[in-house]
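Below: the structure, in structure tokens.
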Amino acid sequence: MSELQRKWWKEAVVYQIYPRSFKDSNGDGIGDLRGIIEKLDYIKSLGVDVVWLNPIFKSPNDDNGYDVSDYCGIMDDFGTMEDFDEMLKGFHERGIKLVLDLVANHSSDEHFWFQESRKSRDNPYRNYYHWWEAEKGTPPKRWSFFDEEANAWKYDEQTDSYYLHIFSVKQPDLNWENPKLRQEIYDAVRFWFEKGVDGFRMDVITFISKDLPFKELPEKYNGNFVQYYAEGPKLHEYLQEFNREVLSKYDIMTVAEGPGTNTENVLDFVDEDRHELNMSYHFDISNLGHKDLAKKLMLPEGWDFREFKEIFIKWDKVFDKKGWGTVYLGNHDFPRMVSRWGNDATEFRELSSKMLTTFLLTMRGTVYYYFGDELGMTNIRFDNIEDYRDIMTINLHKLISSEGGDLDEFMWSQKLIARDNGRTPFQWNDSENAGFTSGKPWLKVNPNYKEINAEAQDTTENSPLNYFRNLIKFRKENLELIYGKSEYYDLENESVFAYSRELNGRKLLILVNFKENEATVNVPFDLEKAKHLFGNYADFDGTLKPYQAVILEV
Ligand code: TEU
Ligand code: CA
């Protein structure tokens with residue numbers, strides 16, 4: 001392996017579990033750690049190497065755990081520390097590593113630090129957060145994701161000051177400028193590493209350094225707060241300190257959630273010589289097809305496939321010599337992969353879901369695979385705002401409504417991309433509530449669980465579930481798919497993503513038809529002589545059938 005060093009986290013398929021929606025063990029309608037323990041053998045049966053759990057720490061759940069009130073305690077809904085220890089042991093016994101979710105840009109307003117911080121201007125915890133004293137006038141405009149008025153400053157009467165919250169009012173931003181706060185975060189992370197946890201996904205870690213003392217937004221960022229938030233002056237200083245003091249001491253993996261990262265700046269985070277993080281994931285793909293990103297409105301004409309290809313290719317090239325990339329097509333912040341990038345109509349659902357799985361597992365980069373996508377679970381597409389549980393949808397609805405905006409357009413867009421589409425309970429079997437809970441699920445179960453569920457797919461040879469399992473095996477046996485050099489072909493093709501992966505003289509060609517039409521492809525290989533190794537149809541005759549995906553040896 002010439003320039004690239006082999007690492008376990010580069011070879012991993014990371015399976016992401018949204019614990020709230022995986023398996024409820026006690027009938028309260030909320031997934032929990034004992035539910036995960038019950039399903040360890042299912043997870044093992046997939047062949048995945050790493051599990052990433054969304055936040056499981058104590059939280060009042062304003063944003064489903066992304067508002068942490070105690071970084072070293074387990075959320076009451078999810079169980080106890082004993083449950084956690086048992087779960088971690090269960091993963092490790094099965095050879096699976098466990099990655100947790102560090103939410104360190106902000107905490108909950110119910111965290112002890114914030115409770116103290118807001119008490120008085122001279123409280124010892126005051127500088128754990130960002131405050132703006134009211135006598136200085138109204139603070140410069142800062143945009144918030146989840147605020148009903150999109151305002152990131154909240155006035156707090158007790159000390160006649162505003163606090164910063166880039167997310168909801170219950171998610172005040174932590175002040176990384178304060179070395180004490182940084183040490184608190186490092187201590188919490190060490191606590192989990194000492195227990196044996198294998199890494200962290202780091203929530204909006206790109207936002208931790210603020211542009212103190214909060215200037216007016218520079219002109220060039222107008223309308224692009226995300227970019228601005230991600231370019232704080234001390235960001236890399238903090239990440240290097242974090243690495244030096246904590247991360248470098250353990251054999252773990254780290255992945256930044258990287259809003260605001262782009263192909264020009266991402267190596268600053270993941271170039272191994274800089275000693276910051278291992279990987280980062282970007283938003284360029286998920287941002288496709290939007291008419292208005294802040295309000296989450298979608299274009300009626302949909303997304304552009306050639307743009308999709310260009311983005312993947314451009315990002316892949318960044319890591320040719322340094323760093324390491326990530327690939328994903330869905331997570332808890334996005335809709336279901338098959339609904340967004342494939343076709344969830346009955347006749348194409350399974351085919352296109354396998355097609356997307358093929359794509360993900362053959363691209364270069366660590367694969368982040370979202371639970372339920374192995375079954376081809378689909379968007380639920382709520383008609384009523386009352387069915388949504390996500391603060392983002394609920395507060396954007398309020399915002400658009402108070403501005404007199406077009407709520408029909410918003411509700412239509414939410415059917416395509418609302419986060420709750422990807423958060424509905426996992427579909428285990430065809431019994432009531434898909435076998436997720438014996439109680440009332442916290443979020444409605446997708447009624448299609450009768451047809452789409454794990455139990456049925458487990459025993460069906462060519463189900464999406466078994467396809468995923470087999471392809472993971474295939475990938476492990478063909479290192480070309482992990483470390484192989486990538487080359488791209490027929491860029492203009494409107495239907496097919498065509499690329500090869502080559503290692504030590506062996507070359508695999510991957511052809512993926514993203515459309516429901518048949519398609520041909522222009523590649524510099526003799527397809528008649530190519531050997532069909534893997535695919536979602538029985539064979540390949542040179543023309544790609546609807547949503548056909550093939551792996552060929554050329
Ligand atoms: O997401 C941060 C983030 O950028 C999202 O708000 C994203 O833009 C949006 O979800 C796209 O639809 C992280 C977490 O992944 C998310 O679940 C949390 O709500 C958020 O941070 C706050 O912690
Ligand atoms: Ca429960």
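Every heavy atom of this structure was used, including side-chain atoms; hydrogens, water molecules and symmetry mates were not. Nothing here was measured: the structure is a model prediction, and the numbers come from that model. Whatever order the structure lists ligands and atoms in, that order sets their numbers, starting from 1.
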| said: Which of the numbered atoms in ligand 1 are under 4.0 angstrom from any heavy atom belonging to V204? | reply: 2 (C)
| task | Would you mind running through ligand 1 and noting each atom that sits below 4.0 Å from a heavy atom of H106? | result |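 With H106 as reference, the close atoms of ligand 1 come out as 22 (C), 23 (O).
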Considering only protein heavy atoms, which is closest to [atom], and at what distance to one decimal place?
atom	answer
atom 11 (C) of ligand 1	K296 NZ, 3.4 Å
atom 5 (C) of ligand 1	D333 OD2, 4.2 Å
atom 10 (O) of ligand 1	R419 NH1, 3.2 Å
atom 3 (C) of ligand 1	E257 OE2, 3.7 Å
atom 7 (C) of ligand 1	F283 CE2, 4.0 Å
atom 9 (C) of ligand 1	M392 CE, 3.9 Å
atom 13 (C) of ligand 1	D203 OD1, 2.8 Å
atom 18 (C) of ligand 1	D63 OD2, 3.3 Å

Relative to each other, are the rings of [X] and [Y] parallel, tilted or perpendicular (30° and 60° limits)?
X	Y	value
F514	W303	perpendicular
H332	Y66	parallel
Y162	Y155	perpendicular
Y229	F225	tilted

| task | Just to the nearest 10 degrees, tell me the angle at the Ca ion (ligand 2) spanned by N26 OD1 and D28 OD1. | result | 80°
| note | The angle formed at the Ca ion (ligand 2) by OD1 of D24 and O of I30 is about (to 10 degrees) 80°
Between [Y] and [X], is there a cation-pi geometry (under 6.0 Å to ring centre, at most 45° from the normal)?
X	Y	result
K141	W153	no
R336	F371	yes
R20	W442	yes

| field | Stepwise side-chain contact (heavy atoms from CB on, under 4.5 Å) test for D373 and T357 | value | CA-CA 8 Å; D373 281 347; T357 294; over 6 Å; no
| Where on R201 is there a heavy atom closer than 4.0 Å to ligand 1, on the side chain, on the backbone, on both, or on neither? | side chain
| request: Just give me the atom name: the N, O or S atom of D32 closest to the Ca ion (ligand 2). | output: OD2
| task | Identify whether the distance between the nearest side-chain nitrogen and carboxylate oxygen of E110 and K58 falls below 4.0 Å. | result |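 So E110 does not pair with K58 through a salt bridge.
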